[in-house]
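Read the structure below first, then the notes.
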Amino acid sequence: FCLLQQCLGTHEVSCDLYMVASSTEPQPQAKGEKTPISDTSYVGIDAILEQMRRKAMKQGFEFNVMVVGQSGLGKSTLMNTLFKSKVSRKSVQPNVEERIPKTVEIKSVSHDVEEKGVRMKLTVIDTPGFGDQINNENCWQPIMKFINDQYETYLQEEININRKKRIPDTRVHCCIYFIPPTGHCLRPLDVEFMRHLSKVVNIVPVIAKADTLTLEERDSFKKTIREELRANGIDVYPQKEFDEDAEDRMINDKIREMIPFAVVGSDQEYQVNGKRILGRKTKWGTIEVENIAHCEFAYLRDLLIRTHMQNIKDITCSIHYETYRVRRLNESNILFTSNPPDHPAVQPKANGQPEEQPATPQPNGVAAQHEALSHEM
Amino acid sequence: MASTEIARQAGEGARGVPLSGHVGFDSMPDQLVNKSVNHGFCFNILCVGETGLGKSTLMDTLFNTKFEGEPTQHNQPGVTLKSNTYELQESNVRLKLTVVNTVGFGDQINKEDSYKSIVEFIDAQFEAYLQEELKIKRTLHSYHDTRIHACLYFIAPTGHSLKSLDLVTMKKLDSKVNIIPIIAKSDAISKSELAKFKIKITSELVSNGVQIYQFPTDDESVAEINSTMNSHLPFAVVGSTEEVKIGNKMVKARQYPWGTVQVENETHCDFVKLREMLIRVNMEDLREQTHTRHYELYRRCKLEEMGFKDTDPDSKPFSLQETYEAKRNEFMGELQKKEEEMRQMFVQRVKEKEAELKEAEKELHEKFDRLKKLHQDEKKKLEEKKKSLDDEVNTFKQKKTAAELLQNQAQQAGGSTTLKRDKERKNPPETHLFMMNVVF
């Protein structure tokens with residue numbers, strides 16, 4: 001059962017590399033099959049999967065999702081629909097007067113949810129005020145700062161000497177961007193936002209309130225959006241460059257052909273064909289949210305939760321966070337040596353920073369530096 | 001751009017919310033497991049024990065394969081660690097197993113330093129991980145983790161008690177690695193002796209404060225089995241890769257004239273327990289303990305040793321970079337100071353040497369002058385002497401010519417006075433000269 005290969009070199013003495021042909025012992029018996037030969041060939045290495053599962057169940061998971069879009073696009077409803085409970089900010093603050101804030105605010109709410117023994121700490125980060133002003137220049141900056149702040153917090157904890165066993169993860173894993181269903185093309189605000197943010201966070205664009213588009217309109221809209229994204233060099237999730245192997249690429253290619261998902265949200269249940277389903281009831285029919293013939297909500301839910309949640313978190317951890325970390329540590333280095341930075345030699349452009357960088361050294365104090373850094377976008 | 005407000009309700013603690021339907025995140029453990037399966041696992045075991053206790057055989061038996069190598073000789077001058085990595089696969093799980101062996105442990109006459117190379121090795125693995133973690137551009141998720149997850153300490157089956165080498169070594173290792181003590185070649189001990197031996201070992205470990213690895217009992221699904229196993233430590237094992245036919249099955253066993261010891265028979269030895277605990281139940285926990293406890297301890301000590309602190313006297317958090325830069329500047333300052341010192345010393349030495357050389361030169365000059373003077377004196381003297389000698393020679397010549405002339409005259413005058421002349425020739429030449437002058 002064992003494929004034995006001697007691979008790496010050794011600590012003291014170098015070992016000859018040789019291939020041992022697979023031994024003649026039979027395949028491990030599936031559990032439950034009893035054979036007269038005792039399980040001499042079964043070591044039990046695969047029991048580690050069960051051990052990992054146990055550990056995961058005990059520790060629980062964290063997931064932080066941000067919703068961005070103009071007010072009135074159904075963000076809160078969609079969140080409630082996705083997680084089948086009142087997780088959105090509005091549900092948490094039902095008595096607050098609904099007003100459009102003068103500036104972009106960042107409000108996050110956390111919930112502990114549990115399903116079949118699996119516990120998850122879900123954080124929904126809302127961005128009221130985005131895109132709602134007359135002049136929306138730089139309205140993505142507070143969002144960018146928030147995302148970078150979470151990276152910073154994590155980094156600070158990570159470089160502590162006495163650090164926590166499990167560093168609390170507040171990094172934004174996924175940012176759902178709501179595109180209004182105009183049916184034409186992306187607006188400049190959409191392009192700007194996604195261009196800046198796709199370099200620091202996983203963006204999942206969705207067409208909001210898609211029940212106003214017919215299927216043909218929807219398909220052409222999607223095609224236009226995809227082309228515009230490609231033309232502007234915007235890499236949304238799942239990013240092509242992070243596909244791990246051929247299998248991954250195949251699965252992700254299918255997804256990439258379908259994004260952005262055209263979604264409809266609802267937390268109202270109706271009776272359709274004898275079943276109670278989530279939907280929107282109108283005079284001309286009931287739109288079933290989870291029916292893929294009606295809208296693509298189910299695809300979004302499957303992507304975000306059922307199949308790719310771990311992958312989304314991994315990309316945030318090992319790519320976006322590491323990129324931030326590299327940038328941050330390099331900048332600290334430059335600032336601490338007496339040479340003023342000539343030019344952003346170590347800045348990968350992928351971080352949404354503009355090409356120019358101030359030549360003057362930053363003010364003292366780590367906090368001040370950090371603020372300055374994250375404000376330079 | 002107007003300032004922004006950030007409101008966080010998460011700080012008050014997350015609310016528990018009931019779900020009205022199936023969301024689907026219960027697949028998260030599966031997603032996590034799938035990712036790990038794709039990635040592969042790694043597990044590193046360190047076997048510490050005297051030569052000949054059956055370490056390699058036990059590894060072969062545990063993992064059901066024949067690992068490398070020949071039995072080592074007993075004449076090693078010191079303890080070295082040999083590590084080999086193997087890729088094993090069982091169903092869909094790929095395991096990168098590294099087995100590290102202590103070669104020559106316990107063979108020396110003076111074993112005082114035996115534990116040192118082991119501790120150094122373990123620390124080196126931690127250091128490698130720490131270096132990778134501190135890098136700017138790092139690849140932690142594809143890093144081959146070489147930190148030791150489990151240390152199997154092989155106790156010789158004397159039946160009496162632990163050797164002092166064992167106690168010392170285990171004491172040095174218990175804060176760095178998960179130690180699982182096992183009694184090797186336990187078929188040499190009878191059942192009653194074994195029970196006493198185990199009790200003695202456990203009490204000695206406790207009285208010496210050695211912290212061995214305890215199987216975790218906080219998870220209900222495994223708490224019971226783990227706590228039972230904890231009471232069976234140290235495991236008395238027998239290893240064998242040879243198979244013997246018992247009844248109608250082939251089992252791994254050791255055959256003696258008086259009977260056969262079956263490796264996987266729980267009444268014969270604790271091998272099954274060891275395998276169960278080490279691999280099937282607690283492999284993940286061993287890895288986790290290594291990372292969250294032993295590695296963190298190493299990291300903390302190492303960073304503090306290098307002079308980093310988490311907070312400064314005003315209790316504002318230091319950034320690692322700040323401290324690092326401060327240290328670097330300090331170091332550069334020291335270097336500069338040393339350079340200065342060396343330069344000073346060099347200059348001084350040069351001066352001294354110069355002075356010495358000047359002295360020597362002066363002396364030489366003086367000597368030269370003296371010699372020259374001496375030489376001149378000598379020369380003068382010699383010249384005087386020469387002069388006086390020349391004078392003498394001249395006078396003599398003159399006298400000689402005068403004498404010859406006179407002689408000729410005398411010969412013309414008569415020959416008798418010749419003799420007289422000869423005699424007179426012996427007289428002071430002045431008179432002769434006078435006479436000659438007179439004649440001419």
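Residue numbering restarts at 1 for every chain, and letters A, B, ... go by the order of the sequence lines. Both backbone and side-chain heavy atoms feed into the values below; hydrogens, waters and symmetry mates do not.
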Segment of [X] engaging chain A (4.5 angstrom heavy-atom cut-off):
{"X": "B:His22", "result": "both"}
{"X": "B:Leu95", "result": "side chain"}
{"X": "B:Lys35", "result": "side chain"}
{"X": "B:Asp30", "result": "both"}
{"X": "B:Asn34", "result": "neither"}
{"X": "B:Val263", "result": "neither"}
{"X": "B:Leu62", "result": "backbone"}
{"X": "B:Val23", "result": "both"}

Examine whether an atom of [X] lies under 4.5 Å from a heavy atom of chain B, and if so say whether it belongs to the side chain, the backbone or both; otherwise answer neither.
{"X": "A:Glu50", "answer": "neither"}
{"X": "A:Phe61", "answer": "side chain"}
{"X": "A:Arg325", "answer": "side chain"}
{"X": "A:Met309", "answer": "both"}
{"X": "A:Leu82", "answer": "backbone"}
{"X": "A:Asp314", "answer": "side chain"}
{"X": "A:Glu322", "answer": "side chain"}

Hey, does B:Phe215 have a side-chain heavy atom less than 4.5 Å from the side chain of B:Ile225? no
State, yes or no, whether a side-chain contact exists between B:Asn101 and B:Asn84 at a heavy-atom distance under 4.5 Å. no
Any chance CD of A:Glu157 has more than 12 other-residue heavy atoms, nucleotides or ligands included, within less than 6.0 Å? yes
Counting neighbours of CD on A:Gln59 that are heavy atoms of other residues, nucleotides or ligands and sit closer than 6.0 Å, is the number greater than 12? yes
When [options] are compared by non-hydrogen pairs under 4.5 Å with chain A, the top option:
{"options": "B:Asp26, B:Leu97, B:Val93", "result": "B:Asp26"}
{"options": "B:Asn92, B:Val222, B:Val37, B:Leu140", "result": "B:Val222"}
{"options": "B:Met28, B:Met283, B:His141, B:Arg300", "result": "B:Met28"}
{"options": "B:Lys137, B:Arg94, B:Glu296", "result": "B:Glu296"}

Strictly below 4.0 Å, N to O, side chains only: are [X] and [Y] in salt-bridge contact?
{"X": "B:Arg138", "Y": "A:Glu158", "result": "yes"}
{"X": "A:Arg54", "Y": "B:Asp219", "result": "yes"}
{"X": "A:Arg163", "Y": "B:Glu133", "result": "yes"}

If we ignore angles and hydrogens, is there a donor and acceptor under 3.5 Å between the side chains of [X] and [Y]?
{"X": "B:Asp145", "Y": "B:Asn44", "result": "no"}
{"X": "A:Gln156", "Y": "A:Asn160", "result": "no"}
{"X": "B:Gln31", "Y": "B:Ser27", "result": "yes"}

Heavy atoms only, distances under 4.5 angstrom: which of [options] has the most pairs with chain B? Name it, please.
{"options": "A:Lys313, A:Met120, A:Lys165", "result": "A:Met120"}
{"options": "A:Lys55, A:Lys84, A:Glu115", "result": "A:Glu115"}
{"options": "A:Cys317, A:Ala56, A:Ser85, A:Gly129", "result": "A:Ser85"}

Single hit among B:His291, B:Arg287, B:Arg293 for side chain to side chain donor-acceptor pair (under 3.5 Å) with B:Gln289: B:Arg293
My understanding is that only residues two or more places apart in sequence, or in another chain, count here; which of them pass salt bridge (charged side-chain N to carboxylate O under 4.0 Å, His left out) with A:Glu269? A:Arg276
ring-ring contact (aromatic ring centres under 6.0 Å, His included) filter on B:Phe41, not counting sequence neighbours, yields none
